[in-house]
Amino acid sequence: MASSENSPLVELRPETAADADVVDGWVRAHLIAALGGFDPGPLIDMQVRSRDAMLAQRFPDLERRVAWVGEVRAGSLLTGPLDGALHVVEIITAPDWRRRGVGAAVLAAVAEEAQAKGRDVTALIFASNTASLALFAAAGFDVDLPPAAAQATARLRTNINVR
């Protein structure tokens, strides 16, 4: 569980079959939003399959979790090991829970988990995703966005002995 000041009490639970349809709906909505709101109809299925194949290849030890506030699903989290760090692959906050501290609470939980394992936390964030850039910066991550770069690199050092 994780909570920070002004954040709801969030519990991260492993994603179950009962969560899959809800999380899939969030992923599809997120992808459509990334397309500027354009809904490509059945082509979104191809995009989802492509995304899932890429994730399985890049992160064979991908951990899928759902963020719960009480008994309500409030978001999803994908993490996996990458270069010795705990890498945040994706955070999606449910539409009804955005701007209510869920993302901050999820990042706090990830930081606690990484610190317990003596690892840093990393993430790649699209330069156009200003909400995520602000979220990670507010959570204490060093966010490096070089000029004209497509993605920022975010790193949270949880242990001074970790490189």
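Side-chain atoms are counted along with the backbone in the values below, which use heavy atoms only and exclude waters and symmetry mates.
- Looking at heavy atoms from C-beta onward, K117 lies out of side-chain contact with T158 at the 4.5 angstrom threshold.
- There is a path of hydrophobic side-chain contacts, each under 4.5 Å, that joins L77 to W97.
- The shortest distance between side-chain heavy atoms of P81 and R119 falls below 4.5 Å.
- In this structure the side chain of V69 never reaches within 4.5 angstrom of the side chain of L9, judged on heavy atoms.
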Practice task
Starting from the C-alpha separation in whole Å, work towards a yes-or-no answer on side-chain contact (heavy atoms from CB on, under 4.5 Å) for I91 and L107.
Solution key: CA-CA 9 Å; I91 294 177; L107 285 180; 3.6 Å; yes
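- Taking each heavy atom of P14 and D19 in turn, the nearest pair found is O-OD2, 3.8 Å.
- Counting only heavy atoms from C-beta outward, the side chains of V23 and E15 approach each other to under 4.5 Å.
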Practice task
Verify side-chain hydrogen bond (donor to acceptor under 3.5 Å, both in side chains) between T93 and R100, making sure each step is shown before the conclusion.
Solution key: CA-CA 10 Å; T93 303; R100 295 177 60 189; over 6 Å; no
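- Tracing side-chain contacts under 4.5 Å through hydrophobic residues (I, L, V, M, F, W, Y), one reaches V102 starting from V88; they form part of the same cluster.
- Across all their heavy atoms, W26 and S76 have their closest contact at CZ3-N, 3.8 Å.
- When all heavy atoms are compared, the tightest approach of G80 to V89 is N-CG2, 4.2 Å.
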Counting only pairs under 3.5 Å, give me each side-chain donor-acceptor contact of residues 125-143, with atom names and distances, residues two or more places apart or in other chains.
from: N129; atom 1: OD1; to: S132; atom 2: N; distance (Å): 3.1
from: N129; atom 1: OD1; to: S132; atom 2: OG; distance (Å): 3.3
from: N129; atom 1: ND2; to: S132; atom 2: OG; distance (Å): 3.1

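- Following chains of ILVMFWY side-chain contacts shorter than 4.5 Å, one cannot reach I32 starting from L43, and the two form parts of different hydrophobic clusters.
- Take R98 and apply the salt bridge (charged side-chain N to carboxylate O under 4.0 Å, His left out) test, not counting sequence neighbours, and it matches no residue.
- When all heavy atoms of P8 and A105 are compared, the pair lying nearest together is O-CB, 3.8 Å.
- Checking side-chain atoms of T122 against main-chain N and O of A85 turns up no donor-acceptor pair under 3.5 Å.
- Residues E113 and L86 have side chains in contact (heavy-atom distance under 4.5 Å, counting atoms from C-beta outward).
- Ion pairing of R58 with E90 is absent here, as no side-chain N (NZ or NE/NH1/NH2) approaches a carboxylate O to less than 4.0 Å.
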Practice task
Run the numbers on E11 and R73 for salt bridge (charged side-chain N to carboxylate O under 4.0 Å, His left out), then give the verdict.
Solution key: CA-CA 10 Å; E11 180 182 0; R73 291 177 192 94; over 6 Å; no
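- In this structure, F59 and L82 have side chains that are in contact, with non-hydrogen atoms separated by less than 4.5 Å.
- Two residues are said to be in side-chain contact when any heavy atoms from C-beta on lie closer than 4.5 Å; L31 and I44 meet this criterion.
- By the 4.5 Å heavy-atom criterion applied to side chains, T79 and H87 are not counted as neighbours.
- D45 is linked by a salt bridge (charged side-chain N to carboxylate O under 4.0 Å, His left out) to R28, counting only residues two or more places apart in sequence or in another chain.
- Following chains of ILVMFWY side-chain contacts shorter than 4.5 Å, one cannot reach V106 starting from V66, and the two form parts of different hydrophobic clusters.
- Summarising the geometry, atom CG belonging to D52 is positioned 9.5 Å from atom CG belonging to L62; distances are rounded to the nearest 0.5 Å.
- Going from atom CZ of R155 over to atom CG of L124 covers 10.5 Å, rounded to the nearest 0.5 Å.
- By the criterion of side-chain heavy atoms lying less than 4.5 angstrom apart, applied directly or through intervening Ile, Leu, Val, Met, Phe, Trp or Tyr residues, V10 is grouped together with V72 in one hydrophobic cluster.
- Interatomic distance, CD of E112 versus CG of L12, reported as 10.0 Å (0.5 Å rounding).
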